[in-house]
Each structure stands twice: as structure tokens, then as C-alpha cells.
Amino acid sequence: MSATVDIAFTLNGVETSIRVPVTMSALEMMRDALGLTGTKYGCGEGECGACTILVDGATVNSCLLFAVDCDGRDVVTIEGLAANPLGERLRASFVEHGAVQCGFCTPGFVMQSHHVLTKSPHADAEEVRRGVEGNLCRCTGYKKIVEAISAAERVG
Amino acid sequence: MNVREKASGDTLIGKRIPKMDAPQKASGKTRYVHDINLPGQLHAKILRSAHAHAGIRSIDVSQARSLRGVHAVITAQDLPFQRPIGVAKDHLPLKRDRVRSLRDEIAAVAADTEEIAEAALKLIRVDYEPLPVVATAEDALRPGAPALHGEDLVCVNRNGTTEVVHRAAPGNVAMTFDYSQGDIARGETESDAIVEDVFWLHYVTHCCMGVSGVIAEFDSNGNLTLYSNSQVPFLHRREFGELLGMDPGRIRIIQPPIGGGFGSKLDIYPFEPIAIYLAQITQRPVKLVFTREEEFLASPTRQPVLLKMRSGCTKDGILTFRDVETVHDNGAYTSWGATTPFVMMQTISSLYRVPNCNYQTRAIYSNNPYAGSFRGYGNLQATFAVEAHMDRLAESIGMDPLDFRLKNAQDPGEVTPQGMNFRTCGFKDCLRIAAERSDYQRKHRDNVARWRDPDPIKRGVGMASMLHVGGGAKIYQSDGCGTILKLDDFAHVTLITGASEIGQGSETVLAQLVCEELGLPLSSVTVVNNDTDVTPWDVGVHASRTTFIAGNSAIGAARKAKDKILAAAAVKFDGKADEYDLKGGIVVDRRTGNGLIEIDKLIRSLHFSEKAELVMTTFYYEPPSQHQDKKFKGDVSAAYAWATQVVEVEVDTRTGIVRLLKVNAAHDVGRVINRLGIEGQIEGGIVMGQGYALTEDLIVDHAVVRNPNFRDYKLVTAPEIPEMDVSFIETMDGEGPQGAKGVGEAPAICVAAAVANAIYNATGVRITALPFTPERVYRALRGQAKPPVWDVGS
């Protein structure tokens with residue numbers, strides 16, 4: 001067994017402490033240790049974006065982040081967007097615009113688009129496409145995802 | 001709202017209906033197989049071969065077994081009654097004395113954690129005897145090549161007898177197909193123009209965002225429950241029964257929501273029986289989930305094809321013959337990829353009218369990955385060749401490519417020499433509308449005129465069309481689907497269907513069709529579609545069949561329920577059943593349109609009466625299609641889907657970079673049921689086709705997959721997608737549910753073929769090998785490309 005470390009951080013607005021192995025990724029911590037399975041494993045090497053989370057307001061591939069590096073940070077997962085107005089608009093917009101098919105990539109897209117719209121609330125379609133270029137989707141062909149994100153921004 | 005006001009229920013057909021499962025998915029609450037953990041569950045990992053081809057002298061698992069936290073380590077030796085899987089039954093889940101590819105499974109571990117299971121794999125010692133690697137189908141066909149399945153595969157039955165389960169395949173020929181119509185020699189004599197090319201269609205793979213995974217668990221009575229991503233649960237149940245020597249009736253397959261299918265989950269792969277064996281041995285639930293690298297290495301691919309085609313036409317533009325021979329690299333074992341000729345020959349014989357046609361395929365064993373079914377099922381490959389020749393023939397007789405296609409395109413009512421009956425056929429409308437909306441003819445002429453312009457950036461337009469099954473495909477004796485439907489005391493419908501949801505939106509479409517019959521809102525329906533102990537039989541999610549087959553089945557059950565409700569209304573209101581209808585949750589008088597009673601109230605009065613009846617119905621729909629005969633003739637689908645796509649590309653002749661700018665797609669879909677859903681299918685299919693044409697390339701080099709990750713295997717990303725303009729041709733198919741036909745596979749089929757034609761239109765250079773990477777295009781533009789060669793005999 002590898003060494004473990006006690007860490008404390010804000011998870012979806014709640015103070016959280018946990019002991020984690022130093023080798024554990026933030027993704028494994030969310031899914032296996034904390035039971036938050038909305039964050040998905042798609043590739044484990046930062047190429048697909050399915051595991052996107054927010055750390056101190058910036059999106060991160062949680063598969064590339066060590067769990068210990070969450071210590072002292074403000075971390076938000078897809079579950080944490082439940083009570084967030086922009087998160088709610090994005091989810092509704094993804095549903096309404098048909099941006100969800102198998103849905104496996106969707107939480108990552110919602111997280112990333114939350115970041116894109118927070119940074120640039122009036123992002124045009126090109127900015128949105130660029131903003132989510134690190135997220136892979138095999139079902140939709142992206143068009144409806146981009147439409148959903150652009151429409152969510154207008155609701156705001 | 002009173003009863004009368006509510007009775008004006010609008011139709012849901014053709015509307016933009018959000019998917020019923022989308023809110024859960026978009027909030028991260030959906031539990032895929034990866035997200036499910038059972039109490040007491042163990043984690044499994046598989047040891048794969050270190051060699052593409054080798055004998056196994058011995059396997060030592062003693063150290064792995066003694067590692068703390070390891071519950072079981074298994075090899076073929078522990079499973080004396082193993083049976084083979086796959087289409088040809090040539091594939092043992094755990095290999096005995098020989099490995100034939102780098103994906104081959106040698107041993108498996110069940111442990112307390114994935115980490116322990118990984119550690120245990122490293123402690124397993126395998127003594128290999130390396131054998132010469134057969135790296136291509138060409139190599140496999142050379143005289144003296146090692147025979148990869150040179151001996152009979154013999155298995156031991158549970159009663160001690162032995163049985164040959166797969167016959168030796170001398171010469172490495174796994175499977176052959178031979179189809180012909182008319183007389184090629186006559187067609188050649190009648191031809192004024194003849195063209196011939198060799199095409200190479202490369203390896204790509206599904207890249208489902210959710211990796212493969214399964215959980216297996218036995219209860220104390222020996223019944224097996226599988227949490228599985230299968231696209232064909234009922235057929236797999238039977239196959240697992242044979243593998244395990246157990247009654248399939250005692251196998252329950254639960255399908256959690258699936259993170260992408262696209263055909264990849266149509267076969268059983270070794271990891272599934274391996275998880276089951278481990279669960280059986282440990283008597284604990286066993287979960288086995290791939291890494292992404294494993295997904296690349298040990299999932300099926302699209303069938304790679306070497307294809308030689310010769311086609312002819314008269315100077316008036318009438319097709320005279322088409323002669324096709326293909327060699328399919330079968331990989332080490334036989335899965336569905338080997339059977340893609342069933343679909344390829346349909347395009348070759350029947351997309352256009354061609355009186356004389358030959359089609360021959362040999363599927364050849366090698367040490368490469370093996371191909372499975374993948375959205376379009378051979379049709380991308382066949383269409384690529386056919387549509388290249390449509391352009392080449394048109395050019396050689398000086399005819400506009402659209403006019404040439406219109407001259408040879410199928411019409412409604414046509415019965416092809418292969419036996420397909422095109423009861424509805426919107427092909428010519430697809431051609432005309434896609435051409436019109438893209439301004440194809442003008443652009444095509446203008447681009448050719450600019451070939452010699454100094455501008456290094458060239459534009460091109462290209463057209464390709466497709467024919468695909470749209471009313472199921474009777475590849476088994478039955479192509480049916482069952483439905484159980486109940487209405488509760490609150491007029492809430494539970495629709496229990498055999499059809500699986502793999503993200504394509506079948507759940508919502510089926511609910512819409514039921515609502516249309518019963519005059520209820522979508523919120524009144526719950527769909528149950530994921531548990532073989534509950535759902536009635538279905539052949540599976542494949543062949544673009546679910547809307548058509550499961551849709552008709554759902555409508556059948558709903559109509560029976562409606563009959564029952566209307567009969568009750570007739571008693572209550574002292575009339576005849578056909579005087580009433582159901583709308584907006586109300587029983588209405590057909591003549592006056594007046595609402596009479598809420599449906600739920602009527603149902604309760606039926607339930608809580610002296611007769612005490614519930615509204616529960618069943619229906620089994622079997623399409624009126626035929627199983628093909630031994631010569632591959634027969635009307636295999638109850639309807640056929642058509643499409644034309646025109647693409648526009650930009651080719652940078654300095655770099656070889658091809659950008660896909662625009663796709664005008666026109667699809668004969670019978671009728672649009674859910675506009676939002678069908679647009680999503682078509683857009684997603686187009687972009688999958690774009691990946692096949694331009695970016696995706698699973699590099700298999702000397703039997704090694706060189707790029708098993710998303711960094712080196714390039715999926716299309718959001719900034720690269722083309723502008724997409726989709727037109728729906730509604731031919732209102734007489735057999736289809738509300739007139740609809742299947743559409744799932746269609747949109748992916750034309751793109752690569754159309755891009756090839758567009759690159760030619762931009763540059764005057766014809767490229768016959770995929771994908772159109774900058775390197776390939778750059779070389780081709782400078783005359784340095786090595787075109788595919790036919791070095792596989794005949």
C-alpha cells in the first residue's frame with residue numbers, strides 16, 4: 001500500500017476531509033472514495049474531458065490531478081452544479097437542444113461549458129467550439145452541444 | 001380545464017421531443033455499469049499476450065495466487081469445459097496452448113481491488129514459444145504461410161466426450177461470400193467506358209466514451225445476473241447458456257444505460273465469460289472494466305477491406321456491369337466484421353440498377369485485431385468504391401455526375417435482382433434535393449475549371465448516396481420484438497419493450513408512438529427496456545431496426561389497449577367502440593369531438609367493477625421480410641432507407657490538409673417521428689463519417705496497435721465539424737410505424753465517399769485509400785502516393 005495523506009477541501013460547497021493514498025487521482029477519489037460518480041473515466045490521460053471538474057474556478061481533468069492536490073482548494077463536480085443557476089440553465093439547455101445521447105460525456109461538457117460561460121458570458125459559437133475542444137463526444141457530432149451552450153448563455 | 005377542453009390533444013409525431021433520459025444524464029445521476037458497485041464485489045483484470053503469435057509452453061500463476069487480496073487466478077487449465085465464442089466459434093475466451101494476437105487473454109485475476117489485481121498480473125509467468133507473425137491478409141495467403149487455425153478446435157463436453165467445435169481452416173480462409181447476377185462478360189461487351197481501381201479501407205474503432213465493462217453475480221440457486229452493455233441481450237443470454245452449460249432461462253441480463261454502442265456490443269468478447277467464470281469460482285460479484293488503452297487494444301474494429309472494382313457503362317450513361325472482389329483481414333478470430341459482405345453486396349448490386357454484377361469476398365485470418373460490427377456494417381466501404389466509380393464513369397463519358405446518378409438510381413416499386421423490393425424509395429428526391437441545396441452542379445463545373453489556377457487553396461464538392469436496410473434485417477429466422485404494456489389506475493403507461501436503449505433515443509420514440517395511439521402526454525409513460533427477466537424477446541439493437549420493429553411492436557400493444565378502453569367506453573355510454581376515440585387523456589365522441597370521460601376514470605371503473613379487469617396487453621411484431629437464401633437473394637428488410645450527401649471541402653495543396661466545410665444531407669427516413677432525435681442521429685453520423693474520412697486511423701503495424709489512445713487516435717473535435725444542412729424526405733412507408741424507416745446507421749455511410757469525390761473535384765487527383773490525412777493527400781497531389789495494389793491473388 002502506498003502512503004496516505006489527510007486532506008481537507010471544499011467539495012460542492014461542503015467542508016470535506018478525507019485520507020487518500022498519495023497515488024490516487026482526484027477522479028478516483030470522487031468516484032471510489034466519495035461516491036460521486038457523475039465525474040466519468042473516459043481515458044485517464046487528459047484527452048477526453050469526461051472527468052472535468054472545477055478547482056478554484058478553473059476546469060481540470062480530474063484524472064490528471066492527484067487527490068492530495070485538492071487539499072485546501074474549492075472543488076466543484078457535476079453534482080455540485082445542482083444548486084447553481086448557470087449549471088441549471090446549462091442542464092436544461094442540453095436537454096432541450098438534444099445535446100445528450102448516450103450521455104457519458106455530458107457531465108464533462110456541462111462542467112466545461114460552465115467554465116466557458118463564466119469566463120465569457122457572451123461567447124459566440126466559435127468561442128464555444130474552441131472552449132469545448134478538449135471534450136470528446138462520439139454520439140452527437142457536437143452541433144447540438146454548441147447550440148445548447150450558446151442558448152444557455154442567452155437565457156442568462 | 002374541463003373534460004371538453006382537454007380533449008384537443010395535439011400530435012407528438014414529428015415534434016422536437018427532448019430525450020426522456022436526458023435530465024438524469026445531464027446532471028451526472030445516470031448510473032452506467034462503471035458506476036455500479038455491489039456489496040462484496042471483487043475486481044478483475046486480464047493478462048494479455050506479450051506476442052502477436054506464439055505457442056504457450058507453460059503458465060505459472062502460483063505467485064499471483066498467493067498475493068494477499070487475490071481471490072482467484074484462472075487460466076484455460078482451470079476451465080476444462082471452455083466453449084468458443086464468436087460468429088464462427090473459433091475463439092476460446094482463455095487461450096490454451098497458443099496465442100494469435102496481442103489482445104489474446106491468457107489469465108485473469110479477481111481481487112479485492114483493481115490495484116491488487118494489476119499487481120497479481122505482474123506475478124504471472126508465461127513461457128512463450130514465438131511463432132512467425134502473419135501481419136497482413138497478403139502474408140496469410142502466401143504459399144507456406146503459417147496456418148493460424150490449422151487444426152480442428154476440439155472441446156471437452158461436460159459428459160466427458162469430445163467435440164470438434166471449429167474445423168481447421170487451411171490456407172487461412174475464415175469465410176467466403178460469392179454473389180452474382182446477370183453475366184459480366186455480356187456487360188463488358190455492351191460497355192463504352194470501363195473503369196477499374198483498387199481501394200483500401202482502413203482500420204478504425206468505435207471509441208465509445210464509456211469503456212467496456214461487466215459485472216457478473218451468481219445467487220445461491222446458481223442463477224446468473226449480468227450487468228452488461230450488450231446490444232443483443234436475448235441472443236447473448238442463449239450464447240452464455242451454451243458457454244456455461246447452463247439453462248439460459250436462469251441467466252438474467254440487466255443493461256444499465258450504455259455509454260455508446262455503435263455496433264461494438266453485438267458480439268460476446270472474452271472479458272465477459274472471464275468475469276462470469278471468476279464470479280462462479282469466487283461466488284462473489286465480479287466487476288471487470290477496461291482501461292482506455294485496453295479498449296483500443298481489445299475491442300473490435302471496423303472491417304478493413306482491400307477491394308478491387310471494375311465497372312462499365314454505355315455512352316448514354318447506363319450502367320452495364322460491376323465486378324467486385326474483396327479481401328477482408330479477418331484478424332485472429334471471427335466476429336461480425338467477417339459478415340459485412342451481406343451489406344456490402346446490397347450496395348454493390350442494388351444502390352443503382354446494374355444488370356450484371358459479381359461480388360466475391362474472402363475473409364483471411366491474420367494476427368491482427370479482429371473486426372466487429374460498426375455503424376453502417378460494411379456499407380461505408382462498399383459505398384466508397386461504388387461512388388468513386390459513379391464519378392469516374394460519368395467523367396469518362398462526359399456526363400454530369402448528378403445526371404448520371406439520376407439515370408441509374410432506383411425507383412419506388414423496383415425489385416432488384418437480389419430480391420430487394422423497394423416499396424418506398426425517395427432516392428431520386430434525395431439526389432435532387434441534396435444537389436439543389438448545395439448548388440452542386442454549378443460548383444462542380446466551376447471547381448474543375450479552376451484546377452489550373454495558381455491559388456494553392458482549392459475547393460471541391462463531392463456527392464455520394466447510400467442504400468441501407470430501414471425496416472430491420474432478417475439475418476436470423478426472426479427479426480421480431482415483443483412489447484408488454486399496462487395502464488394503471490391513473491392511466492399511467494408502463495411500456496415494457498425488448499428494445500435496448502444505447503443512447504440513440506429509442507425510449508423516447510417508443511413512448512411517443514404509444515402516446516399517439518392512446519391520446520396521452522409523454523409524461524404518462526415509463527419505459528422499461530433493460531432487464532431480460534422482465535422484458536419480452538427482441539433480436540437486438542442493430543441494423544437501424546429499433547424505431548421500425550420495436551415501434552411497430554409498441555403500436556400493436558397500444559392499439560390492443562385502446563381497443564379495450566374503447567370497448568369499455570362503448571358499454572358505459574351505450575354505443576359502439578368505433579364511435580369513440582382517445583385524445584388528451586379523454587375518451588371523446590368521434591363525431592362531435594366532445595369529451596366524455598377521463599381515461600383514468602374509465603379504467604378505474606373497469607378495475608373496480610364486478611368484472612374487475614385491468615388494461616394489460618402484449619404484442620409481438622415480426623416484419624414481413626425474408627431470410628435470404630443461399631445465393632443471398634431475398635427481401636431481407638421490410639423497408640429500405642436512402643440518402644444523398646453532398647460535401648464541400650477545402651484542400652490546401654501546400655500541406656495536404658483537407659477541411660470539411662459543409663455537408664448537405666438528404667435522407668429518406670419514411671417519416672420524422674422525433675425531429676430533435678433524428679437530427680442528432682444524422683449530425684452524429686456525419687461527424688463519425690468525417691472521422692473515418694479524415695482523422696481516424698487505428699495504426700496496425702506488424703500486428704501491433706501503435707496508437708491506443710486519444711492523443712494519437714484522432715477523433716473529430718468541436719471546432720472541426722462542418723456546417724450541416726439536413727433535409728428529410730418523407731416517403732411515408734406503408735409498413736413503417738407512422739410511416740417511419742430506420743436511420744441510425746445511414747448518416748455515417750456516405751461521408752468518406754463524398755469527400756473522396758470532393759478532393760478529386762478540387763484537385764483532379766483521385767485517392768483510393770483512406771484516411772485522407774495531410775500526408776497521404778500531400779503525396780498524392782505530387783504523384784508520390786503508393787496506390788493500393790491487389791497482391792492477394794484471386
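In the text below, chain A, chain B and the rest are named by the order of the sequence lines, each starting its count at 1.
The contact between A:K40 and chain B is made entirely by side chain atoms (from C-beta outward), counting heavy-atom distances below 4.5 Å. Residue B:N674 does not touch chain A at all, counting heavy-atom pairs closer than 4.5 Å. Neither the backbone nor the side chain of A:F109 comes within contact range of chain B; no heavy atoms are under 4.5 Å apart. Heavy atoms closer than 4.5 Å to chain B are found in the side chain of A:R31, but not in its backbone. The contact between A:E96 and chain B is made entirely by backbone atoms, counting heavy-atom distances below 4.5 Å. Heavy atoms closer than 4.5 Å to chain A are found in both the backbone and the side chain of B:P719. Heavy-atom distances place both the backbone and the side chain of A:L136 under 4.5 Å from chain B.
Heavy-atom pairs under 4.5 Å with chain A were tallied for B:I502, B:V716, B:I686; the largest tally goes to B:V716. Among the candidates B:A718, B:G684, B:G503, the residue making the largest number of heavy-atom pairs closer than 4.5 Å to chain A is B:A718. Annotation: maximal heavy-atom pairing with chain A below 4.5 Å, among B:G680, B:G505, B:G685, occurs at B:G680. Contact count versus chain B (heavy atoms, under 4.5 Å) is highest, among A:K144, A:E45, A:E133, for A:K144. For the set A:T23, A:I78, A:V95, the entry with the most heavy-atom pairs within less than 4.5 Å of chain B is A:V95. For the options B:E501, B:R292, B:R375, B:Q24, heavy-atom pairs under 4.5 Å to chain A are most numerous at B:R292. Counting heavy-atom pairs under 4.5 Å between each of B:E293, B:E720, B:E723, B:H206 and chain A puts B:H206 at the top. Counting heavy-atom pairs under 4.5 Å between each of B:S27, B:G260, B:P18 and chain A puts B:S27 at the top. Ranking A:P107, A:G38, A:G42 against chain B, the residue ahead of the rest is A:G42, based on heavy-atom pairs under 4.5 Å.
We find that A:E126 and A:R130 are joined by a salt bridge, their nearest charged nitrogen and carboxylate oxygen being less than 4.0 Å apart. Salt bridge B:E114/B:K45: present, at least one basic N to carboxylate O contact under 4.0 Å.
A side chain to side chain contact (heavy atoms under 4.5 Å, CB included) with B:I17 is found for exactly one of B:I673, B:L676, B:L12, B:V509, namely B:L12.
For the pair B:R302 and B:Y692, the cation-pi test (distance below 6.0 Å, angle within 45°) is passed.
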- prompt: Can B:E696 and A:R138 be said to form a salt bridge (Lys or Arg N to Asp or Glu O under 4.0 Å), step by step?
  reply: CA-CA 12 Å; B:E696 293 178 43; A:R138 191 53 153 165; 2.7 Å; yes
task: Under the salt bridge (Lys or Arg N to Asp or Glu O under 4.0 Å) rule, what do B:E679 and A:K143 come out as? Steps first, then yes or no, please.
output: CA-CA 10 Å; B:E679 284 175 1; A:K143 186 180 174 200; over 6 Å; no
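Classification of the B:F374-B:F262 ring pair by plane angle, with boundaries at 30° and 60°, yields tilted.
For the residue pair A:S17 and A:D6, no side-chain donor N or O sits within less than 3.5 Å of a side-chain acceptor on the partner.
The main-chain N or O of A:A99 is never found under 3.5 Å from a side-chain atom of A:T140 such that the two would form a donor-acceptor pair.
Looking at every heavy atom in both residues, B:L715 comes nearest to B:T695 through C-OG1, 4.2 Å.
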